[in-house]
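One structure is given below, encoded as structure tokens.
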Amino acid sequence: MSYVNFFANYDQVNSFPKPQSASKFIPDYFKSCPQQIGDNPLDGTVKRCVPFLDALTKGFVIPLWADCRVVAKDENINIQFPPNLNMSESISTHTYEQIADHPLSNNKYGKVPLKWINPWVIETPKGYSCLITSPLNHMENRFKILDGIVDTDTYYNQINFPFLWTGGDGEFMLSKGMPLVQVIPFKRETFTSQIKETDERKLSMVNSRLGTVLRHGYRTMFWNKKQESNS
């Protein structure tokens with residue numbers, strides 16, 4: 001089993017919500033979603049979509065370390081953390097020129113790149129990097145993390161999280177413990193692509209097997225379990 005370590009100073013480790021397996025942060029809309037629509041087992045919902053769930057639960061989530069109040073008005077954003085928070089800063093900025101003319105730049109606040117100042121150092125085994133992104137399938141609409149990949153086996157340092165405010169005008173409360181970013185470790189490998197004709201025999205066999213069940217065909221016949229945990 002490979003490891004992912006998260007480091008912070010003593011006070012933060014013992015007072016901030018800790019990074020945990022992404023499976024600990026299943027959103028409420030997914031929990032309340034039924035398995036199927038009506039009585040027909042063929043009318044499954046996203047609750048039965050294993051690829052959707054795999055993305056939702058892959059890797060680890062770093063939660064927001066403290067309550068955060070956001071006031072967005074007249075193209076100005078004010079972000080407020082508790083005054084006694086044990087961090088020198090929790091938010092910073094980038095200049096628009098660093099990401100000029102990006103696809104969201106014409107949205108309100110699209111020209112105000114911001115950055116969460118992350119308290120955690122992430123460490124992975126040799127040869128492993130981490131994809132850092134918005135929590136997958138949470139569909140957070142107030143801010144968008146700018147995705148990045150960091151070689152966390154060699155870069156022993158805090159990794160900050162650039163983002164864009166997408167929530168528009170208003171006053172918002174981001175609660176301590178809410179999922180902020182998803183950290184997905186992966187082994188660095190070199191892949192090449194090839195273009196080939198479809199193997200009709202293999203495709204027919206897969207479809208033939210799927211045709212023998214009303215539901216859960218992919219899960220029971222083709223899926224491999226993936227799971228991260230906290231030691």
Do you know which of Thr152, Val150, Asn157 makes side chain to side chain contact (heavy atoms under 4.5 Å, CB included) with Ile122?
-> Thr152

Where do Leu214 and Leu42 come nearest, in terms of heavy atoms and distance?
-> O-CD2, 3.5 Å

Might you confirm whether atom CD of Glu189 has over 12 heavy atoms from other residues, nucleotides or ligands at distances under 6.0 Å?
-> yes

Please report the shortest heavy-atom distance between Arg188 and Asp153, naming the atom on each side.
-> NH2-OD2, 2.8 Å

Euclidean distance, Asn160 CG relative to Trp120 CH2, rounded to 0.5 Å = 14.5 Å

Side chains of Phe60 and Gln182 in contact at under 4.5 Å (non-hydrogen atoms) = no

Using a cut-off of 6.0 Å, state whether more than 12 heavy atoms not belonging to Lys176 lie near its atom NZ.
-> no

Hey, could you give me the OG/CG distance between Ser23 and Leu56, rounded to the nearest 0.5 Å?
-> 9.0 Å

Taking the side chain as every heavy atom from C-beta outward, state whether Ile184 and Leu136 have any pair of such atoms under 4.5 Å apart.
-> yes

Non-hydrogen side-chain atoms of Met139 and Tyr29 separated by less than 4.5 Å | yes

Derivation of the side-chain hydrogen bond (donor to acceptor under 3.5 Å, both in side chains) call for Tyr109 and Asn76 | CA-CA 8 Å; Tyr109 306 107; Asn76 293 308; over 6 Å; no

Do the side chains of Ile26 and Thr57 get nearer than 4.5 Å, heavy atoms only?
-> yes

Do Val70 and Ile91 belong together in a cluster built from hydrophobic side chains that touch within less than 4.5 Å?
-> yes

Looking at side-chain heavy atoms only, is the closest gap between His94 and Pro162 below 4.5 Å?
-> yes

Candidate pair Asp54 and Trp223, rule side-chain hydrogen bond (donor to acceptor under 3.5 Å, both in side chains), full reasoning = CA-CA 10 Å; Asp54 269 350; Trp223 177 64; 2.8 Å; yes

Within the 6.0 Å centroid threshold, strictly below: Phe172 and Trp165 | yes

Cluster question for you: counting only ILVMFWY and a side-chain heavy-atom cut-off of under 4.5 Å, with indirect links fine, are Ile145 and Trp65 together?
-> yes

Kindly check if the number of other-residue, nucleotide or ligand heavy atoms within 6.0 Å of OH (Tyr3) is above 12?
-> yes

Where Gly110 and Leu164 come nearest, the two heavy atoms and their spacing | O-CD2, 3.8 Å

Can you tell me how far CG of Leu210 sits from OG1 of Thr220, rounded to the nearest 0.5 angstrom?
-> 8.5 Å

Identify the two heavy atoms, one from Ser134 and one from Asp147, that lie closest to each other, and give their separation to 0.1 Å.
-> N-OD1, 4.0 Å

What are the two closest non-hydrogen atoms of Leu180 and Leu64, and how far apart are they?
-> CB-N, 3.9 Å

Row check, Tyr218 ring normal vs Arg209 NZ/CZ: under 6.0 Å, within 45° | no

Indicate the ring-plane relationship of Phe30 and Phe52, choosing parallel, tilted or perpendicular according to the 30° and 60° boundaries.
-> parallel

Taking Asp67 for its side chain and Ser175 for its backbone only, find out whether a donor-acceptor pair lies under 3.5 Å.
-> no

More than 12 foreign heavy atoms under 6.0 Å from CE of Met205: is that the case here?
-> no

With side chains defined as the heavy atoms from C-beta onward, is the minimum distance between Pro34 and Lys47 less than 4.5 Å?
-> no

Between Ala66 and Leu85 the two heavy atoms that sit nearest each other are CB-CD1, 3.6 Å

Just do the side-chain hydrogen bond (donor to acceptor under 3.5 Å, both in side chains) check on Gln35 and Arg215 with the steps written out, would you?
-> CA-CA 10 Å; Gln35 289 274 348; Arg215 57 186 179 184; over 6 Å; no

Should we count NZ of Lys24 as having more than 12 external heavy atoms under 6.0 Å?
-> no

OG-CG distance between Ser92 and Leu114, expressed to the nearest 0.5 angstrom | 8.5 Å

Please check if the side chain of Lys18 supplies one atom and the backbone of Val13 the other of a donor-acceptor pair under 3.5 Å.
-> yes

Co-membership, hydrophobic cluster, residues Phe16 and Val61, 4.5 Å side-chain = no

Glu75 with Lys108: basic N within carboxylate O range, under 4.0 Å | no

Hey, any chance Ile132 and Phe163 share a hydrophobic cluster, counting ILVMFWY side chains that come within less than 4.5 Å of each other, even indirectly?
-> yes

Contact check, side chains of Asn107 and Thr166, non-hydrogen atoms, under 4.5 Å | no

Mark yes or no: Lys115 above the aromatic ring of Phe161, with NZ or CZ under 6.0 Å from the six-membered ring centre and no more than 45 degrees from the axis.
-> no

State whether the side chain of Ser204 and the backbone N or O of Glu200 hold a donor-acceptor pair below 3.5 Å, judged by distance alone.
-> no

Atom pair OG (Ser129) and CG (Asp151), whose distance is rounded to the nearest 0.5 Å | 3.5 Å

Can any side-chain N or O of His216 pair as donor or acceptor with the backbone N or O of Arg219 at less than 3.5 Å?
-> no

For the pair Glu140 and Arg142, evaluate salt bridge (Lys or Arg N to Asp or Glu O under 4.0 Å) and give the outcome as yes or no after the intermediate values.
-> CA-CA 6 Å; Glu140 172 62 59; Arg142 293 167 294 184; 2.7 Å; yes

So with a 6.0 Å cut-off around NZ of Lys187, is the heavy-atom count from everything else above 12?
-> no

Group every Ile, Leu, Val, Met, Phe, Trp and Tyr by side-chain heavy-atom contacts under 4.5 Å, then state whether Ile159 and Phe143 land in the same group.
-> yes

Take the angle between the ring planes of Trp116 and Phe81 and call it parallel below 30°, perpendicular above 60°, tilted in between.
-> perpendicular

Is the backbone N or O of Ala100 less than 3.5 Å from a side-chain atom of Gln98, with the two atoms forming a donor-acceptor pair by type?
-> no

Quick one: does Gln12's side chain get under 4.5 Å of Met87's, heavy atoms only?
-> yes

Does His102 use its side chain to pair, donor to acceptor, with the backbone of Lys111 at less than 3.5 Å?
-> no

Working to the nearest 0.5 Å, report the span between CD1 of Ile99 and CG of Asp101.
-> 10.5 Å

